[in-house]
Number of protein chains: 2
Amino acid sequence: MSDLLERLRGRGWRMTAQRRVVAEVLNGEHVHLTADEVHSRAVAKLPEISRATVYNTLGELVSLGEVLEVTTDKRAKRYDPNAHRPHHHLVCARCGAIRDVHPTGNPLADLPDAERFGFTVSDVEVTYRGLCPDCASA
Amino acid sequence: MSDLLERLRGRGWRMTAQRRVVAEVLNGEHVHLTADEVHSRAVAKLPEISRATVYNTLGELVSLGEVLEVTTDKRAKRYDPNAHRPHHHLVCARCGAIRDVHPTGNPLADLPDAERFGFTVSDVEVTYRGLCPDCASA
DNA sequence: CGTTTGACTTAGACAAAGTCCATTGTAGGA
DNA sequence: TCCTACAATGGACTTTGTCTAAGTCAAACG
Ligand SMILES: [Mn+2]
Ligand SMILES: [Mn+2]
Ligand SMILES: [Zn+2]
Ligand SMILES: [Zn+2]
């Protein structure tokens with residue numbers, strides 16, 4: 001993702017080996033790694049990178065809107081580089097596998113005014129749960 | 001909720017002061033307390049109740065299907081006594097207030113087969129986010 | 001009722017996920 | 001090349017939750 005790195009440099013980011021490695025690890029489709037998984041993979045490329053730096057960098061990428069935080073399970077937060085096209089998630093209840101999905105329809109329209117309690121509603125997250133092919137056949 | 005206590009007794013639960021207090025605390029509409037909040041309120045009624053017992057009791061209530069676990073934010077799990085009528089949640093992004101909502105429509109039907117990746121989809125959670133009236137005016 | 005017993009509760013150790021801070025290092029401009 | 005503000009580091013600390021060994025008590029039984 002030199003796209004990403006280019007954009008970040010443009011935003012005044014100081015480019016360091018650590019930040020480059022974190023950005024490299026967060027690359028691909030259906031990628032939803034925990035901070036610890038990002039750290040392990042980053043260590044493979046740059047052994048001296050610290051946990052704190054991984055957390056810092058992930059936090060910065062999130063506030064820049066380049067990465068999304070996803071909390072599909074109650075354990076660690078997951079980091080999603082697919083922040084450009086809005087999407088939702090399909091999660092295997094047994095093994096935790098996560099896929100990006102794009103449902104049709106607009107759930108925002110499905111919430112009547114009477115059910116909004118005066119809130120200004122700006123966003124909807126939809127999480128589908130079920131069993132992945134592997135777990136269903138086992 | 002003597003309803004609940006009655007049902008639990010019917011299921012062979014030994015009725016203790018601790019369990020009664022936890023069940024009392026989990027009572028009402030739009031109630032979504034964390035385990036620690038349940039513990040604080042339980043301590044007010046029964047000072048010697050322990051954290052472990054609160055966690056144990058909440059876990060049992062969840063496996064009995066009497067209480068739902070809700071993870072609207074990435075912090076602590078919340079416990080929802082409104083397990084009888086299915087519903088979704090509306091969350092204030094600033095102060096964390098949570099309301100139960102009942103959207104129209106069926107999000108399951110909005111996920112095309114091509115977007116299911118072979119999963120057996122059994123459940124959908126929808127979380128609406130926005131600002132509550134208080135936070136919007138501030 | 002009093003006894004008995006296994007289910008229940010407790011305190012505290014432990015673990016996982018994440019935050020914070022003082023110190024040390026360095027990217028990138030002058 | 002030098003300087004310095006920004007970034008990285010390790011480790012202490014916090015929060016949330018789990019586990020266990022030992023003590024307690026609800027309720028079944030007589
Ligand atoms: Mn995603
Ligand atoms: Mn609810
Ligand atoms: Zn699976
Ligand atoms: Zn609010």
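For the numbers below, each heavy atom of this structure counts, side chains included, while hydrogens, waters and symmetry mates do not. Below, chain A is the first sequence line, B the second, and so on; all start at residue 1. It should be emphasised that the depicted structure is a prediction, and the values quoted were computed from it without experimental measurement.
The heavy-atom pair separating A:Pro81 from A:Val67 by the smallest distance is CA-CG2, 4.2 Å.
Here A:Cys132 contributes atom SG and B:Phe117 contributes atom CZ; the two are 12.5 Å apart, rounded to the nearest 0.5 Å. With rounding to the nearest 0.5 angstrom, the CG atom of A:Leu33 is 7.5 Å from the CZ atom of A:Arg78.
Contact footprint of chain A on DNA chain D: nucleotides with an atom under 4.0 Å from a non-hydrogen protein atom, first to last in 5' to 3' order, D:dA5 to D:dG10.
For the helix from C:dC1-D:dG30 to C:dA30-D:dT1, the terminal axes (five pairs an end, C1' atoms, rotation from four pairs onto the next four) enclose an angle of 20°, given to 10 degrees.
Summarising the geometry, the separation between CG on B:Leu8 and C1' on C:dA7 is reported as 15 Å, rounded to the nearest angstrom. Rounded to whole Å, the distance from CZ on B:Arg11 to C1' on C:dA7 is 18 Å.
Between A:His87 and A:His89, the ring centre distance stays below 6.0 Å.
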- Whether each nucleotide of nucleotides 14-27 of chain C has a protein heavy atom under 4.0 Å at its base (B), only at its sugar-phosphate (S) or at neither (-) is summarised, 5' to 3', as --SSBBB-----BB
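Salt bridge B:Glu60/B:Arg11: absent, no basic N to carboxylate O contact under 4.0 Å. Using a 4.0 Å cut-off between charged nitrogen and carboxylate oxygen, A:Glu66 and A:Arg7 count as a salt-bridge pair.
Inspection of the B:His30 and B:Asn82 side chains reveals no N or O donor paired with an N or O acceptor under 3.5 Å.
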